[in-house]
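Below, read A as the first sequence line, B as the second, and so on, with proteins coming before strands; counting in each chain starts at 1. Please read these numbers as outputs of a predicted model, since none were measured by experiment.
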Protein chains: 2
Amino acid sequence: MPVPHQLSAIIKEGEKWFLPSVSLDCVILGFHDNQVKVLVLKLKHSNVWALPGGFVLKEEDTETAAARVLRERTGLQNIFLQQFHVFGAPNRSDSNIHRKSLLQTGIELNNDSWLFQRFISIGYYALVDFAHVTPFPDENSTECVWKDIHEIGSLMMDHNEILNKALETVRLQLNHQPIGYNLLPQKFTMPELQKLYETILDKALDRRNFHRKMTAFGILKRLKETRKGGAHRAPFLYSFDMRKYQKALKQGLNGGW
Amino acid sequence: MPVPHQLSAIIKEGEKWFLPSVSLDCVILGFHDNQVKVLVLKLKHSNVWALPGGFVLKEEDTETAAARVLRERTGLQNIFLQQFHVFGAPNRSDSNIHRKSLLQTGIELNNDSWLFQRFISIGYYALVDFAHVTPFPDENSTECVWKDIHEIGSLMMDHNEILNKALETVRLQLNHQPIGYNLLPQKFTMPELQKLYETILDKALDRRNFHRKMTAFGILKRLKETRKGGAHRAPFLYSFDMRKYQKALKQGLNGGW
DNA sequence: GTATAATTGTGTCATAACGACACAATCAAA
DNA sequence: TTTGATTGTGTCGTTATGACACAATTATAC
């Protein structure tokens with residue numbers, strides 16, 4: 001039995017398609033204008049911002065479900081996706097938000113609808129190449145946009161907590177996961193890489209020492225091109241040497257930042 | 001409506017008490033005889049070993065549920081408990097194991113029983129002081145014992161995967177979580193601490209360099225006592241300086257091991 | 001054209017951390 | 001009292017780190 005295309009049809013009879021009690025939320029991160037951005041949705045009729053989320057089909061792997069949500073919002077496939085935490089407080093859902101929003105969309109649900117039951121939420125973070133993403137709002141939201149992680153206001157329910165936990169996880173995994181590789185375009189400059197590290201670590205780094213250390217890891221290939229266009233000396237372009245990068249990550253890029 | 005005390009009564013009508021689709025498994029770790037141990041259960045009638053697990057009550061926090069399972073198996077409260085991963089493959093459950101075991105225990109369930117539905121499992125790891133634990137088997141198991149993590153055989157379902165993921169997580173968090181504090185007794189020797197690190201990292205460390213580095217962190221207090229009894233020079237006892245320990249962990253005990 | 005301002009590439013130096021190693025002190029058992 | 005194993009502590013050469021300075025390069029302004 002295929003899942004209907006219309007969100008409204010799915011929501012009305014969610015118990016037919018989805019695993020009960022389990023939802024997921026995605027913290028989709030990108031890097032643009034030297035800033036780390038997160039993809040957020042503006043819910044219809046409520047002006048509330050939320051992280052993109054979804055549910056798990058009855059026979060679907062949770063990982064696959066997250067990839068599906070990701071594809072629906074960004075058009076991207078084969079994305080770096082990592083589960084980072086489960087949010088399981090019994091009172092974390094706020095069914096009023098859904099109810100209000102859905103009601104104004106024209107969907108009326110009974111009080112005992114599956115959607116108003118308790119849900120735990122599995123948090124996933126995704127790292128994407130900003131330039132390749134076209135954000136799509138879903139049927140229940142009016143906007144789907146990138147926001148600077150430092151300029152995120154109040155989000156729905158516990159989504160601020162989810163976002164913060166995701167950012168903390170990324171910071172802790174910086175030496176063990178290919179964070180730089182997945183957030184940056186194929187070719188990037190050393191200052192861009194440094195800015196990415198600085199944003200994630202929330203900490204200024206010395207330009208020369210950063211260059212020295214990063215070079216010493218041996219995970220970068222310096223290309224023969226430079227990035228022209230800036231009103232200053234043109235920086236060299238680099239790309240990752242995936243062979244050595246993967247190898248180095250297994251041991252962890254040693255040393256503290 | 002209180003939960004019945006009899007496991008059999010709970011299992012037969014689990015849908016009355018528990019959140020559907022969600023289970024949890026606990027990797028309970030201790031340190032004894034210079035070895036890291038994990039608590040495992042031997043299921044009745046099947047001779048299969050499994051990690052202690054349980055379900056989440058309808059109005060219960062997932063964290064609280066894990067603490068409850070922990071208390072039931074070890075008698076301990078206020079334990080260091082960390083969620084580390086969700087196992088969400090659709091085919092990870094193996095209802096035959098449960099069915100067989102329960103049947104021989106005298107509990108017969110319909111094919112459409114809640115227990116045979118799909119469950120995702122939230123993995124928690126707990127660090128306990130071995131000396132304070134009295135392992136209790138539950139109503140569905142004959143034994144509840146400590147096993148050396150290097151001598152664990154085949155476990156039920158995906159429990160080997162769960163255990164390995166827990167150990168990997170502990171290794172990665174060694175510089176950020178109070179692993180030593182929670183696994184060791186209040187007073188311990190430097191060689192014991194080193195052996196703990198070596199076991200978790202699965203790597204031999206130089207005795208003198210370990211001592212130097214650990215001392216440099218400033219997180220240990222050397223006591224005026226020594227551990228007598230060994231047939232050799234009596235090592236000093238240490239305890240953690242929690243003030244400095246907590247502070248150091250926030251930044252991460254820098255440097256690679 | 002040429003000067004300008006900002007940014008990038010690279011080097012130095014003193015200090016701290018690290019890995020490899022040796023030797024003396026101490027304890028229980030023989 | 002001797003012995004064997006283990007622990008406490010120090011040394012030394014090498015490497016990594018943090019704090020800096022200066023030259024090279026680029027589009028823009030003049």
*Asks:* Between A:Gly229 and B:Pro191, which has a closest nucleotide on DNA chain D that is more 5'?
*Replies:*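 With A:Gly229 and B:Pro191 compared, the 5'-side residue is B:Pro191.
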*Asks:* Given atom CZ of A:Arg227 and atom P of C:dA6, what is their separation to the nearest angstrom?
*Replies:*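 It works out to 22 Å between those atoms.
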*Asks:* Think B:Lys228 has a side-chain N or O under 4.0 angstrom from the OP1 or OP2 of C:dC27?
*Replies:*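 Yes.
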*Asks:* Quick check: any donor-acceptor pair below 3.5 Å linking the side-chain of B:Arg233 to the base of D:dT6?
*Replies:*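 Flag unset: no donor-acceptor pair detected.
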*Asks:* Measure from the side-chain N and O atoms of B:Ser141 to the backbone N and O of B:Pro137, and report whether any donor-acceptor pair falls under 3.5 Å.
*Replies:*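 No.
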*Asks:* Please report, rounded to the nearest Å, how far the C1' atom of D:dA16 is from the CG atom of A:Asp206.
*Replies:*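 One finds 14 Å between C1' of D:dA16 and CG of A:Asp206, rounded.
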*Asks:* Of A:His232 and B:Asn209, whose nearest nucleotide on DNA chain D comes first from the 5' end?
*Replies:*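 Residue closer to the 5' terminus by nearest nucleotide: B:Asn209.
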*Asks:* Please state how far atom CE in A:Met190 lies from atom C1' in C:dT10, giving the value in whole angstrom units.
*Replies:*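 It works out to 12 Å between those atoms.
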*Asks:* When the distance from CZ of B:Phe210 to P of D:dT9 is rounded to whole Å, what number comes out?
*Replies:*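 Whole-Å distance recorded here is 15 Å.
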*Asks:* Can you check the B:His211 NE2 to C:dG19 C1' distance for me, whole Å?
*Replies:*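 It is 17 Å, rounded to the nearest whole Å.
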*Asks:* Expressed as a whole number of angstroms, how long is the span from B:Leu237:CG to C:dT26:P?
*Replies:*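 In whole Å, C:dT26 P lies 17 Å from B:Leu237 CG.
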*Asks:* When the nearest nucleotide of DNA chain C is assigned to A:Thr189 and to A:Ala231 on a heavy-atom basis, which residue is associated with the more 5' position?
*Replies:*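 Counting from the 5' end, the first nearest nucleotide belongs to A:Ala231.
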*Asks:* CD of B:Gln194 versus P of D:dG8: gap in Å, rounded?
*Replies:*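 From B:Gln194 CD to D:dG8 P: 10 Å.
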*Asks:* Tell me whether the side-chain N or O atoms of A:Arg212 pair up with the base of D:dG18 as donor and acceptor below 3.5 Å, since no angle test is needed here.
*Replies:*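 Looking at the base of D:dG18, it does pair with a donor or acceptor on the side chain of A:Arg212 (distance under 3.5 Å).
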*Asks:* If the cut-off is 4.0 Å, is B:Lys213 near the phosphate of C:dC18, judged by side-chain N/O to OP1 or OP2?
*Replies:*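 Indeed, a polar side-chain atom of B:Lys213 lies that close.
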*Asks:* Do A:Tyr124 and A:Phe84 have ring centres separated by under 6.0 Å?
*Replies:*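 Centroid separation for A:Tyr124 and A:Phe84: 6.0 Å or greater.
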*Asks:* In this structure, how many angstroms lie between the C1' atom of D:dT26 and the CZ atom of A:Phe236, rounded?
*Replies:*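 The answer, rounded to whole Å, is 13 Å.
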*Asks:* Starting from the C-alpha separation in whole Å, work towards a yes-or-no answer on side-chain hydrogen bond (donor to acceptor under 3.5 Å, both in side chains) for B:Tyr125 and B:Gln173.
*Replies:* CA-CA 12 Å; B:Tyr125 76 83; B:Gln173 294 187 348; 2.6 Å; yes
*Asks:* D:dA21 base to A:Arg208 side chain: any donor-acceptor pair below 3.5 Å?
*Replies:*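 Present.
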*Asks:* Tell me, please, whether B:Phe236 has B:Arg222 positioned over its six-membered ring: NZ or CZ under 6.0 Å from the ring centre and within 45 degrees of its axis?
*Replies:*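 Pair B:Arg222/B:Phe236 counts as cation-pi.
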*Asks:* Kindly indicate, with the supporting measurements, whether the criterion side-chain hydrogen bond (donor to acceptor under 3.5 Å, both in side chains) is fulfilled by A:Lys244 and A:Gln246.
*Replies:* CA-CA 6 Å; A:Lys244 297 183 183 171; A:Gln246 294 288 4; over 6 Å; no
*Asks:* At less than 4.0 Å, is any side-chain N or O atom of A:Arg222 found next to OP1 or OP2 of C:dT10? Yes or no.
*Replies:*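 Indeed, a polar side-chain atom of A:Arg222 lies that close.
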